[in-house]
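Reckoned from all heavy atoms, side chains included, excluding hydrogens, waters and symmetry mates.
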Amino acid sequence: MPYHLSLIIDQLSKYLTVIYLKTIESYPLINNIFHLTYAENTGAAFSMFSGKQPLLIILTLIIIVALLFYLIRNLKTDQVFLKFSLSLIIGGALGNLIDRIRLNYVVDMLDFTLINYPVFNMADVFVVSGAVIFAYTILTSSTDNSVD
């Protein structure tokens, strides 16, 4: 998935969340298990660094630039999973960065009420999924290049 596609999905889901959920706050898709809940997060994961938007913006920009350089450097390789994982991470990071710059908070909506997990968004899904795929790709590529 190119990073712009994950960015579009993230921003569209946040737009729809603001339009349809902000006034009702929460809508149970599976009652007491999974809800769509409007939330504003001024921090990072699990609300860490809450209220430190300038720091989060700078760190996110540095990470995005570094990952873009790494992606560009590997564009001509046949490492599909590596490029896919980087695109997911970049798209998700850009999605939350846009919110931080534009709104001074990140719009969250995915709420697993069954396990009392913090509310998160599609950008978070893309970043975490991309990071898992990236780690898997890096760990398995080192074994692929081993000498027999």
side-chain hydrogen bond (donor to acceptor under 3.5 Å, both in side chains) against Asp10, all qualifying residues, sequence neighbours excluded = Lys14
Below 4.5 Å, heavy atoms only, C-beta onward: do Ile90 and Leu68 meet side chain to side chain?
-> yes
Side-chain cluster (under 4.5 Å, hydrophobic types only) that Ile62 belongs to, other residues = Ile58
Do you know which two heavy atoms are closest between Ser141 and Gln79, and how far apart they sit?
-> CB-NE2, 4.4 Å
What residues join Phe69 in its hydrophobic cluster, counting side-chain heavy atom gaps under 4.5 Å, either direct or through other members?
-> Val65
Residues 18-31 vs salt bridge (Lys or Arg N to Asp or Glu O under 4.0 Å), sequence neighbours excluded, gives none
Pairwise side-chain contact, Thr17 with Leu36, heavy-atom cut-off 4.5 Å (strictly under) = no
Between Asn121 and Val107, is any pair of side-chain heavy atoms under 4.5 Å apart?
-> no
side-chain contact (heavy atoms from CB on, under 4.5 Å) partner of Thr37, chosen from Asp111, Leu21, Asp108 = Asp111
For residues 49-76, which residue pairs qualify under side chain to side chain donor-acceptor pair (under 3.5 Å), counting only residues two or more places apart or in two chains?
-> Thr42-Ser50
If you look only at pairs with a residue in residues 7-35, which of them pass as a ring-ring contact (aromatic ring centres under 6.0 Å, His included), with sequence neighbours excluded?
-> Phe34-Phe112
Pairwise side-chain contact, Val18 with Tyr38, heavy-atom cut-off 4.5 Å (strictly under) | yes
Does a side-chain heavy-atom distance below 4.5 Å link Leu86 with Leu82?
-> yes
With side chains defined as the heavy atoms from C-beta onward, is the minimum distance between Ile98 and Leu7 less than 4.5 Å?
-> yes
